[in-house]
Amino acid sequence: MNPESNPIIVLDFGAQYSKLIARRIREAKVFSLILPYTTTAGELRAYNPAGIILSGGPASVHAEGAPLLDSAVLNGDLNVPILGICYGAQLLAHMLGGTVEAAEKREYGIAHLEHSDTTGFLQGVQERTQVWMSHGDKITRLPEGYQRLGETENCDNAVIANPAARQYAVQFHPEVVHTPEGKQILANFAHHICGCKSEWQMENYVSSAIEGIREKVGDKKVLCGLSGGVDSSVAAVLIHKAIGDNLTCVFVDNGLMRKGEPDLVDRVFRENFHINLISVDAVDKFLDALHDISEPEQKRKIIGGLFIEVFEEEADRLGHMDFLAQGTLYPDVIESISPTGGPSVTIKSHHNVGGLPEQMNLDLLEPLRELFKDEVRALGHELGIPDELVWRHPFPGPGLGVRCIGEVTKDRLDTLREADAIFIEEIQRAGLYGDIWQALVCLLPVRSVGVQGDGRTYEEVCSLRAVTSEDAMTADWFRFPPDVLERVSNRICNEVPRINRTLYDVTSKPPGTIEWE
Ligand code: XMP
């Protein structure tokens with residue numbers, strides 16, 4: 001049975017947290033998709049959904065032009081369970097003939113839910129449990145057939161339901177971490193109310209993903225840019241499993257990679273997976289173009305532009321190709337769908353190969369576009385990709401180019417590469433790699449005086465940075481045990497010839513960014 005065949009669909013009413021709802025459902029091992037709230041009952045039927053969740057949103061049901069649901073969804077036309085969350089709960093009550101009114105004051109923050117549910121929806125949830133609220137309106141009269149399942153201090157109808165119609169509504173947000181048992185509630189909805197089995201697992205997904213690629217590509221040819229990062233690696237191996245030698249990967253060595261990276265890519269993809277891999281040594285080209293350039297955005301432009309140039313040259317040499325593979329993930333796809341179903345607005349400027357498919361007249365193949373990052377990692381593991389690649393910290397497209405603060409030269413890059421390798425090695429040795437979102441070294445355009453042996457030194461300074469983060473949008477500096485920092489500093493100053501001083505960066509994001517440039 002295809003694990004994606006009966007998804008739970010999250011209809012997005014403009015919520016900040018729709019993405020999280022879909023993630024939580026998937027964590028309950030049930031496939032979930034996000035669609036704009038304008039999706040009609042007929043369109044929903046084509047997905048064969050196991051359930052529908054109405055997300056929160058900033059509107060009030062009484063506001064002019066408030067986003068509404070196709071009423072056919074509620075008329076029992078689809079005959080699937082429905083869960084309304086916050087605005088979704090109010091909308092459900094409002095459209096079914098209940099009353100929604102403005103609360104005297106907006107409720108925001110932690111509340112305590114008390115319930116005595118026996119329908120299975122709150123099964124396993126403590127009778128008094130913490131929930132997180134953020135709403136201005138509240139439901140003051142229930143629609144016919146509905147009953148109250150739970151209340152909080154300020155909200156009488158915090159959980160309501162019509163169990164016979166399999167409709168549930170919660171005023172709080174079960175998807176956020178401040179509702180500690182929210183995960184359980186969403187899993188209950190998926191398993192007990194919608195009757196879904198725990199089938200969304202990467203071991204089941206691999207074969208349907210491979211089948212999907214075969215169907216789309218047939219015996220045509222696919223080109224894939226390999227960077228050594230998790231997404232392009234998993235995409236390449238998956239496509240290779242589907243179409244074998246009709247896949248060709250191109251790896252551009254721009255001289256801005258970490259120590260040993262080109263060899264690692266070669267070893268894993270060519271030797272281990274026997275993938276057609278073309279490695280292009282473009283180091284001199286990139287270094288020449290970066291000569292005398294210090295301004296970060298200029299560096300990015302040069303590096304991105306050259307990448308496209310080199311990649312195109314190689315593609316021309318290969319002859320006719322039909323598809324360009326990209327490691328686009330579901331969060332990028334969601335970001336580009338507006339809740340009103342309008343045209344795409346955001347395309348991440350971070351994508352190194354953006355613009356290539358149109359320019360080269362290629363169709364796009366995006367085999368990871370349904371997956372969240374943690375699912376990509378699980379898929380990579382399932383495909384046998386080594387842990388050192390699957391669990392890699394994110395690494396920016398412009399690589400060490402934006403960590404050589406100031407001028408980028410071969411000598412400075414070599415110095416930085418050595419320091420970076422020591423930092424990562426010591427983090428791994430201390431067993432801390434998995435606790436850190438990203439760790440990096442920057443070489444600063446500053447020299448400092450030091451003393452080594454009996455001699456005076458006047459050498460470069462580097463800064464170490466390690467952060468924790470959920471999604472790179474915000475970040476906090478990592479609290480290292482002092483002995484780890486001591487070891488890293490000693491090793492860098494002793495083993496890397498041109499560095500005599502190390503600093504540790506304790507800036508969070510905001511106000512700082514993760515990278516220095
Ligand atoms: P910042 O420095 O903006 O970085 O806090 C957030 C995340 O994005 C990565 N990053 C990039 N990735 N091309 C990329 O592919 C880029 O130009 C780029 N700049 C930053 C950064 O490493 C972090 O993970």
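As the structure lists them, so they are numbered: ligands from 1, and atoms in each ligand from 1.
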| Distance filter under 4.0 Å to Gly397 heavy atoms, resulting ligand 1 atoms | 12 (N), 13 (N), 14 (C), 15 (O)
| Where ligand 1 meets Thr513 - atom numbers and elements under 4.0 angstrom, heavy-atom basis | 1 (P), 2 (O), 5 (O)
Between the candidates [options], which shows the shortest non-hydrogen contact distance to [atom]?
atom	options	value
atom 6 (C) of ligand 1	Lys509, Arg403, His393, Arg300	Lys509
atom 21 (C) of ligand 1	Met473, Glu517, Glu297, Glu515	Glu515
atom 13 (N) of ligand 1	Pro398, Pro394, Gly304	Pro398

| message | Going by salt bridge (charged side-chain N to carboxylate O under 4.0 Å, His left out), name the pairs with one or both residues in residues 492-502, residues two or more places apart or in two chains. | response | Arg491-Glu495
| Below 3.5 angstrom, do we get any N/O pair linking Phe395 and ligand 1? | no
| field | Partners passing side-chain contact (heavy atoms from CB on, under 4.5 Å) against Ala421 (at least two apart in sequence or in another chain) | value | Lys259
| Salt-bridge contact Asp414-Lys410 (side-chain N to carboxylate O under 4.0 Å) | yes
| message | Between the side chains of Lys183 and Glu27, is the shortest nitrogen-to-carboxylate-oxygen separation below 4.0 Å, so that they form an ion pair? | response | yes
| task | Measure from the side-chain N and O atoms of Arg392 to the backbone N and O of Gly229, and report whether any donor-acceptor pair falls under 3.5 Å. | result | no
